[in-house]
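The block underneath contains the structure these notes are about, expressed in structure tokens.
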Amino acid sequence: MGKKVLFVNQEIIPYVPETEMSLFGSEMPTKMQEAGFEIRTFMPRWGNINERRGQLHEVIRLSGMNLIIDDTDHPLIIKVASIPQTRIQVYFIDNEDYFQKRPAMTKDELGNDYPDNGERAIFFARGVLETVKKLRWTPDIIHCQGWMTSVIPFYVKTAYKDEPQFASSKVITSLFAEQPQSNLGENFKQCLEFREIKAGSLKKYGDNFDFMELGKLAIDYSDGVISTSNNVNLDLIDYARTSKASFFEHSVDDADLKEKYSEFYNNII
């Protein structure tokens, strides 16, 4: 049986328009499945996803949990679909306020970042990890692709570190060119509080939690970091190079990604 890889993606084509992230969200799970890894895949159920065309349906046995963020209950809804022409299922993290009521993904109709993107990232992260627990599936690698997934490494290595599913999991973060333009809210650190994790444990990060602080958070709690293109923020790349995480850089059109990612995964495992 191959090693298990949990892909947590910000975007996956064909459910959302083609971007660098949505292409990687589809192609890398497919390539790693071809390489012999066992794959599970998650993404947010963005407001621009056509559920009928994508053939999404709710998984009742996985839905129904309430996640408390900033003292407010947020119902968790899980939907599932299969990427066409593959055997890969995609689990969608959904919620009426955070996703269903939004016509787009991370930006509004004027092109401005949604002011609660930080809370949405936290809900997404906890929704993924709680659903994996329900699936009773133990990933060897958790591969996070896109800035909306940046909270997951932190939670895996702190609040969820003693959970049987995640105690031995290695976390990889892929850095992309796209980053939020606005900060994630003045109370982002407070919203991150969960179980024994308190805002005080995040003192090394600035209170103005912008994309740099978010990227540092992901890198600090990852075992491996991948730079996906020539346009990734150079300060984040420098930070990753000097961190404890293994670092791997490649170009978008690299023809040997399946082999290189397999080697990177196996070295980290």
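These numbers come from a predicted model, not from an experiment.
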Worksheet item: Would you call Asn50 and Tyr15 a side-chain contact if the rule is heavy atoms closer than 4.5 Å?
Response: no
Worksheet item: Does Lys157 have any side-chain contact (heavy atoms from CB on, under 4.5 Å) partners at least two apart in sequence or in another chain, and if so, which?
Response: Val171, Tyr221, Asp223
Worksheet item: Centroid-to-centroid, Phe211 to Trp147, below 6.0 Å?
Response: no
Worksheet item: Are Ile88 and Gln33 close enough that some pair of their side-chain heavy atoms sits under 4.5 Å apart?
Response: yes
Worksheet item: Between atom CG of Leu217 and atom CD1 of Ile152, what is the distance when rounded to the nearest 0.5 Å?
Response: 11.5 Å
Worksheet item: When you check the gap from the basic side-chain N to the acidic O, do Glu213 and Lys216 get nearer than 4.0 Å?
Response: yes
Practice prompt. Report yes or no: is the cationic atom of Arg195 (NZ for Lys, CZ for Arg) closer than 6.0 Å to the six-membered ring centre of Tyr160, at no more than 45° off its axis?
Written response: yes
Discussion item. Using the rule given for side chain to side chain donor-acceptor pair (under 3.5 Å), can you reason through Glu11 versus Thr19, listing the C-alpha separation, both sets of side-chain angles and the distance that settles it, and then say yes or no?
Written reply: CA-CA 8 Å; Glu11 303 173 14; Thr19 64; 2.6 Å; yes
Discussion item. When you measure from the side chain of Thr131 to the backbone of Gly127, do you find a donor-acceptor pair of N or O atoms at a distance under 3.5 Å?
Written reply: yes
Fill in: Identified ring pair (Phe, Tyr, Trp, His ring centres under 6.0 Å) partner of Phe42 from the options Phe7, Tyr91, Phe92, Phe124
Tyr91
Worksheet item: Can you name the nearest heavy-atom pair linking Ile77 to Gln100, along with the distance?
Response: CD1-NE2, 3.7 Å
Item to complete: Measure across Tyr261 and Phe24 and return the closest heavy-atom pair with its distance rounded to 0.1 Å.
Response: OH-CE2, 3.9 Å
With a cut-off of 3.5 Å and sequence neighbours excluded, list every side-chain donor-acceptor pair involving residues 78-85.
{"residue": "Lys79", "atom": "NZ", "partner": "Glu51", "partner atom": "OE2", "Å": "2.6"}
{"residue": "Lys79", "atom": "NZ", "partner": "Asp94", "partner atom": "OD2", "Å": "2.9"}

Worksheet entry | Criterion side chain to side chain donor-acceptor pair (under 3.5 Å) on Asn208 and Asn183, from CA distance to verdict | CA-CA 6 Å; Asn208 180 25; Asn183 67 47; 2.8 Å; yes
Worksheet item: Are the side chain of Asn267 and the backbone of Glu263 linked by a donor-acceptor contact shorter than 3.5 Å?
Response: yes
Discussion item. Taking the ring centre of each residue, are Tyr265 and Phe248 less than 6.0 Å apart?
Written reply: no
Fill in: Minimum side-chain heavy-atom gap Asp235-Met212 below 4.5 Å
yes
